S.K.: 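What follows is a structure written as structure tokens; I'll ask about it next.
Since the structure is predicted, the reported quantities are computational estimates derived from the model, not experimental observations.
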Amino acid sequence: MSTVAGEGAAARDGAAALGHAQAADGPDHGAEAALPMSASPADRVTPRVALALMAVSGFAGLGYQMVWTQQCALWLGFEAAAVLAVVTAFFGGLALGALLLGGRIERSAEPRRWYLACEAAIGLWGLALVVLMRPAGDAVQRWIGAEPTALWQWAVSFGASFVLLLPATAAMGATLPAIERLARGAGRRSIAGLYAANTAGAVLGVLLVTFWLVPGIGLASTAMVCAGLNALCVVGAWRGLPPSPRPSPAPRERGQEGTHEKRQEEMQEKRQEGAHGKRQEGAHEERRDEMRHLLRGREGDGRSPPQRAREASGLLPLPLAGEGGGEGLLFLPLALSGLLGIGYEVMVVRVLSQLNEDTVYTFALLLAVYLVGTSTGAALYQRWLSSRGGEPASPPPANLSPTHARAIRALDLRLPALLAIACLLGLLALWSAPSLKDGAFALVGPGFGAALGVETLLALAAFALPTLVMGAWFSHLATRALSRGIGFGHALAVNTLGAAAAAPLFGVVLAPWLGPKATLLVIAAGYLLLAASAGGAAAPGWRRPLVWAPAAVLGLLGLVGAPLAFVDVPPGARIVSYAEGATAAVSVVEDGQGVARLRINNRQQEGSSASLFVDGRQALLPVLLHPSPRRVLFLGLGTGATSSTAAQDPSLRVDAVELLPEVIAASPRFTSALGLDGATPRLVAADARRYVRAAPSTYDVIVSDNFHPARSGSGALYTREHFEAVRERLAPGGLFCQWLPLHQLDLDSLRSVVRAFLAAYPDGMAVLASNSLETPVVGLVGHRDPDHLTGTGLAQWHDRLLRAPARRDGRSLADFGLEDEFAVLGSVVAGPSALADFAREAPMNTDDRPVVAYLAPRLLYAPESTPKDRLFELLHRVSARPEEVLGARADRSPEDARRLQAYWRARDRFLEAGRKVRPVADPGEMLAQVGAPLLDAAWTSADFRPAYDPLLRMALALAPRDPAAARRVLLALKEAQPARPEAAEALQSLGP
């Protein structure tokens, strides 16, 4: 998602910045082509106005790109097909705008009007999308369906996003040629200034939109800010840029100027000249062209009459054949520059996602580095060209010596060869990235700023050299195209079409098939093939050391280089499986004790082959809180232990939705090891948000996994709109449980999620998944119907648990610590009134204002508290009342309320007892640490088993060494909870 924004925005605004650097090197076309540049005051752009326009335009373009990609992902989903469809659609709109309108702008005598119209169109459509985006998204979700094929999903996602964004993206694509026309004629300093301003605006847009605008005011308001910037560009261009005048008439014509009637007579006389006058005019034009091309060292411009006609009509000309391969098929290297450049970006982002934290800030920094690199490369090319005597006002061959002209043509080979070398160096940098990361953290230490700095350093290591050469090469290609009569709009369109194909080709096809290392080598090989084809038959490029030497290195790296698969493997552990998918790498790592853990992009997910107790409770608690469930839906699969635990109940039909097919493929390793493969849920590979909206049936219980809130895209599963959509998918009397990983969530983010949840479920309660202090997980539970409580007493809850059917795996509810009604209801930690007070002042997490996606990463980068500290702070700030759990009707006895409240107090004391405990193997030492507080919890509630059971185990372990101490513990347990038989039986086994 953020990746999408990085890919699309980098290409759009990288091309925008590059366009200004190349604009000075191209010839004039259209009505003003025959005039010297000094005769066109409109082309002498006012420096301050031009600088401001470039900065503001770069800011707005990046802002729109980031807003629209986030909004599209909300309704299209985060599957690879949908994500890449948005990227392709955005590039396609840019290419279409440049292709259809670029030629007209190039020939126009009033490029300012085109610029004004384009900026106005972008701003107006940006405002329209604020209103249209959500209803359009709802319609598209229905068209896609719940379980579409990849082809259908890609087609609908691409078509819908292409059409929806087209008015703005086409105008963006046409804005670049308009800016190029306006910038043409400015001096070298003006070009450098325009270039720097645009780059500064684009980078500033990336950073401010990510770090301030979206988290502060939301996506829609950010789009409105961008529309305001478009309006500012319109006003600034209208007032600050003078209109282009008509060409100055010849001296003879000036003497005939006067009244309107005189001009009409003059036109009539010209029409009467006949064929003879036309022949004279044609001869004059021919002599003028001949003189111009003689100055260039050529006999003509190489354009045939059909090519001239196509240019005049605005159609895309065919590739031009020239001397030597380097000046031949210019469109091929233009297309490949977009394809390979964005392909390299896709793969670097993919590899670094295994090392970086994969947050919204990660992709903003990657994009900023990419922008600065390509822009700097183009600026260096412009400076190099100027140092060779090239004037920005004319094509380079017009005023260069033959030596300098040959040097420029030599770049046809040198730049792609250097780009291949830079990509190989980038590959080496990626191999060393883990060591670089560890060394950087050791140097700068922890902290939010330090973590962002390390991620920026990794981006620079991989991007710096390749993007510098990419910027220079695209500048060179566009300059060569302009000198051959190919308009900048056409060159940009071809480049953008290549970029549009990069994401699906490299992300979906090559990366899963070949792996990241081989795919990066393919990219470098593509650059080398372009270099080898340069030079012509007399001096083929493949004979040059600059080509065959890196080719040899490339082959060597292909044979001996390690794959770019970063998986942390502890000592004694091994990688059981590894799979490269279209959007992530999924691995299973098994340690020396045989415990397997699931990793996605080298980050451990919740659950393992040793965590069935907690994973199973996350399935069983929501199911048990519903009076009679039949159909259950799990959003998120993980190891599969949670949903498979529910599937062992023969009375349930269980569905599970998982975004990554590779996770689905890995889950049987865990469920089989846990003995849960006797019955498995129906697994669906789909985006959870989209599936909830498009599913054809309703469910009695829906359980959402504890997704890491800081990871890119996960925050969208904690918004008010998503919670409301889940409510619509519930059957009458249905229940929804959203698990939240408190060890990955700060309390400010938790408050925003709670407020969003209560907006959809006013009766919401909070429960604890387990009594773990290191990885506490809190669940928010809400019902579709607010009158779900019917005054059920503890006796009815007891009977309901007794009627639970036998499980297929042979386990009982007691194996998961849910042996009675107190264990189920005792998990409640907060009622609706306490939760409302807890979240009252927090900003609500919504689709438009995704505050959690921007708040949660700060805890990930620089934790300021421990999970247990956050849990205890939460417990001290919230509470529950028995009537909120059992209902307020008369059939609830006061004794039930007393026993339930006592259980909650005992639970809190039990948790407090473990807050400062230091685990040791010696039972006597452990008893000295926790004996008194655990006995206090056991005395507080006769129904509280979590304190009773560990004391019993410690007493039995201590009995062979110190039977007197063991007897004292057992006697205390017998007195505290006389209904439990285990302590009395243990006393009898010890003897008198």
S.K.: How many angstroms lie between CD in Gln738 and CG in Asp705, if you round to the nearest 0.5 Å?
M.R.: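 Gln738 atom CD to Asp705 atom CG measures 8.5 Å (nearest 0.5 Å).
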S.K.: Closest approach of Val852 and Pro709, non-hydrogen atoms and distance?
M.R.: CG1-CB, 3.8 Å
S.K.: Identify, with sequence neighbours excluded, every residue that meets salt bridge (Lys or Arg N to Asp or Glu O under 4.0 Å) alongside Asp138.
M.R.: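 For Asp138 there are no salt bridge (Lys or Arg N to Asp or Glu O under 4.0 Å) partners, ignoring immediate neighbours.
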S.K.: When you measure from the side chain of Thr69 to the backbone N and O of Met66, does any donor-acceptor pair fall under 3.5 Å?
M.R.: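 The answer is yes, because a donor-acceptor pair under 3.5 Å joins these two groups.
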S.K.: Quick one: pull up CG in Leu339 and OG1 in Thr496 and give me the separation to the nearest 0.5 Å.
M.R.: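 With rounding to 0.5 Å, CG (Leu339) is 12.5 Å from OG1 (Thr496).
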S.K.: With side chains defined as the heavy atoms from C-beta onward, is the minimum distance between Thr671 and Thr639 less than 4.5 Å?
M.R.: no
S.K.: Atom CG in Leu758, atom CG in Leu835: separation rounded to 0.5 Å?
M.R.: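 Taking CG in Leu758 and CG in Leu835, the distance rounds to 5.5 Å.
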S.K.: May I have all residue pairs that pass side chain to side chain donor-acceptor pair (under 3.5 Å) and include part of residues 719-736, sequence neighbours excluded?
M.R.: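 Matches after skipping sequence neighbours: Arg689-Thr719, Thr719-Asp847.
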S.K.: Please determine whether side chain to side chain contact (heavy atoms under 4.5 Å, CB included) holds for the pair Trp212 and Ile217, giving the CA-CA distance in whole Å, both sets of side-chain angles, and the decisive distance to 0.1 Å.
M.R.: CA-CA 8 Å; Trp212 180 53; Ile217 62 177; over 6 Å; no
S.K.: Is Asn845 reaching over with its side chain to a backbone N or O of Val851, donor-acceptor style, under 3.5 angstrom?
M.R.: yes
S.K.: Search all heavy atoms of Trp739 against all heavy atoms of Ala769 and return the closest pair with its distance.
M.R.: CZ3-CB, 3.5 Å
S.K.: Checking the side chain of Thr210 only, and the main-chain atoms of Leu207 only, is there a donor and an acceptor separated by less than 3.5 Å?
M.R.: no
S.K.: How close do Leu76 and Gln153 get, heavy atom to heavy atom, and via which atoms?
M.R.: O-NE2, 3.9 Å
S.K.: Mind checking what makes salt bridge (Lys or Arg N to Asp or Glu O under 4.0 Å) contact with Arg849, not counting sequence neighbours?
M.R.: none
S.K.: Any sub-3.5 Å donor-acceptor pair from His708's side-chain atoms to Ala710's backbone N or O?
M.R.: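 A pair under 3.5 Å: yes.
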S.K.: Is the closest side-chain heavy-atom distance between Tyr718 and Phe707 below 4.5 Å?
M.R.: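 SC-SC contact between Tyr718 and Phe707 confirmed.
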S.K.: Could you check whether any side-chain heavy atom of Arg690 comes within less than 4.5 Å of a side-chain heavy atom of Ile144, counting everything from C-beta outward?
M.R.: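 Arg690 reaches Ile144 side chain to side chain.
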S.K.: Indicate the atoms forming the closest heavy-atom contact of Ala647 with Ala679, along with that distance.
M.R.: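 For Ala647 and Ala679, the tightest heavy-atom pair comes out as O-CB, 3.5 Å.
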S.K.: Go through the steps to decide whether Ser752 and Ser749 satisfy the test side chain to side chain donor-acceptor pair (under 3.5 Å), and finish with yes or no.
M.R.: CA-CA 5 Å; Ser752 292; Ser749 299; over 6 Å; no
S.K.: Return yes if some donor-acceptor pair links the side-chain N/O of Arg599 with the main-chain N/O of Val588 below 3.5 Å, else return no.
M.R.: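 Flag not set: sc Arg599 to bb Val588 has no pair under 3.5 Å.
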S.K.: I'd like to know if the side chain of Asp785 and the backbone of Gly733 have a donor-acceptor N/O pair within less than 3.5 Å.
M.R.: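 Flag set: sc Asp785 to bb Gly733 pair under 3.5 Å.
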S.K.: For side chain to side chain donor-acceptor pair (under 3.5 Å), just list the numbers for Thr642 and Gln618, CA-CA rounded to whole Å, side-chain angles, deciding distance to a tenth of an Å, and then say yes or no.
M.R.: CA-CA 6 Å; Thr642 301; Gln618 293 184 39; 5.0 Å; no
S.K.: Can you measure from CZ (Arg630) to CG (Leu652) and round to the nearest 0.5 angstrom?
M.R.: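 Arg630 atom CZ to Leu652 atom CG measures 7.5 Å (nearest 0.5 Å).
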S.K.: Rounded to the nearest 0.5 Å, how far apart are CG of Leu129 and CZ of Arg134?
M.R.: 15.5 Å
S.K.: Excluding sequence neighbours, so at least two apart, what forms salt bridge (Lys or Arg N to Asp or Glu O under 4.0 Å) with Arg711?
M.R.: Glu357
S.K.: Is the backbone N or O of Gly341 less than 3.5 Å from a side-chain atom of Glu345, with the two atoms forming a donor-acceptor pair by type?
M.R.: no
S.K.: Hey, are the side chains of Ile342 and Tyr370 touching, using non-hydrogen atoms and a 4.5 Å cut-off?
M.R.: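 Counting from C-beta outward, Ile342 and Tyr370 do come under 4.5 Å.
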S.K.: Checking side chain to side chain contact (heavy atoms under 4.5 Å, CB included) for the pair Val140/Val156: CA distance, chi angles, key distance, verdict?
M.R.: CA-CA 7 Å; Val140 171; Val156 176; 4.0 Å; yes
S.K.: Taking ring pair (Phe, Tyr, Trp, His ring centres under 6.0 Å) as the cut-off, I'd like each qualifying pair that reaches into residues 138-161, sequence neighbours left out, listed once.
M.R.: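 Qualifying pairs: Trp154-Phe158, Phe158-Phe162.
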S.K.: Does Arg631 offer a backbone N or O that forms a donor-acceptor pair with the side chain of Asp700 under 3.5 Å?
M.R.: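 Yes, Asp700 side chain to Arg631 backbone: donor-acceptor pair under 3.5 Å.
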S.K.: For the residue pair Leu625 and Val781, establish whether any side-chain heavy-atom pair is separated by less than 4.5 Å.
M.R.: yes
S.K.: What heavy-atom pair brings Asp649 and Ser651 nearest, and what distance separates the two atoms?
M.R.: OD1-OG, 2.7 Å
S.K.: Taking C-beta and beyond as the side chain, do Trp75 and Met133 meet within less than 4.5 Å on heavy atoms?
M.R.: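 With C-beta onward as the side chain, the pair touches.
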S.K.: Working to the nearest 0.5 Å, report the span between CG of Leu62 and CG of Leu371.
M.R.: 5.5 Å
S.K.: Are side-chain heavy atoms of Thr645 and Asp615 found at a separation under 4.5 Å?
M.R.: no
S.K.: Just say parallel, tilted or perpendicular for the rings of Trp68 and Phe90, cut-offs at 30° and 60°.
M.R.: tilted
S.K.: Which residues pass the salt bridge (Lys or Arg N to Asp or Glu O under 4.0 Å) test with Arg682, not counting sequence neighbours?
M.R.: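 With neighbours one apart ignored, the set is Glu147, Asp655.
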S.K.: Between Phe723 and Leu780, is a side chain to side chain contact (heavy atoms under 4.5 Å, CB included) present by the stated rule, with each step listed?
M.R.: CA-CA 11 Å; Phe723 293 151; Leu780 299 177; 5.6 Å; no
S.K.: Closest approach of Val657 and Ala686, non-hydrogen atoms and distance?
M.R.: CG1-O, 3.3 Å
S.K.: In terms of side-chain heavy atoms, does Tyr361 have a donor or acceptor partner in Asn356 at a distance below 3.5 Å?
M.R.: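 Checked: Tyr361/Asn356 side chains show no N/O donor-acceptor pair below 3.5 Å.
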S.K.: Is the shortest heavy-atom distance from the side chain of Val214 to the side chain of Thr222 under 4.5 Å?
M.R.: yes
S.K.: May I have the step-by-step check of side chain to side chain donor-acceptor pair (under 3.5 Å) for Asn601 and Gln354, ending in yes or no?
M.R.: CA-CA 5 Å; Asn601 281 339; Gln354 302 176 72; 5.6 Å; no
S.K.: If the test is ring-ring contact (aromatic ring centres under 6.0 Å, His included), which one of Tyr761, Tyr699, Phe634 qualifies with Phe736?
M.R.: Tyr761
S.K.: Could you go through the side chain to side chain contact (heavy atoms under 4.5 Å, CB included) check for Tyr64 and Met172 one step at a time?
M.R.: CA-CA 11 Å; Tyr64 280 128; Met172 288 180 181; 3.8 Å; yes
S.K.: Indicate yes or no for a side-chain donor-acceptor contact from Glu658 to the backbone of Ala685 under 3.5 Å, with no hydrogens or angles considered.
M.R.: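 No; judged by distance alone, with no hydrogens or angles, the pair does not exist.
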S.K.: Would Thr846 and Asp848 satisfy side chain to side chain donor-acceptor pair (under 3.5 Å), going step by step from the backbone distance to the final call?
M.R.: CA-CA 5 Å; Thr846 65; Asp848 180 65; 5.3 Å; no
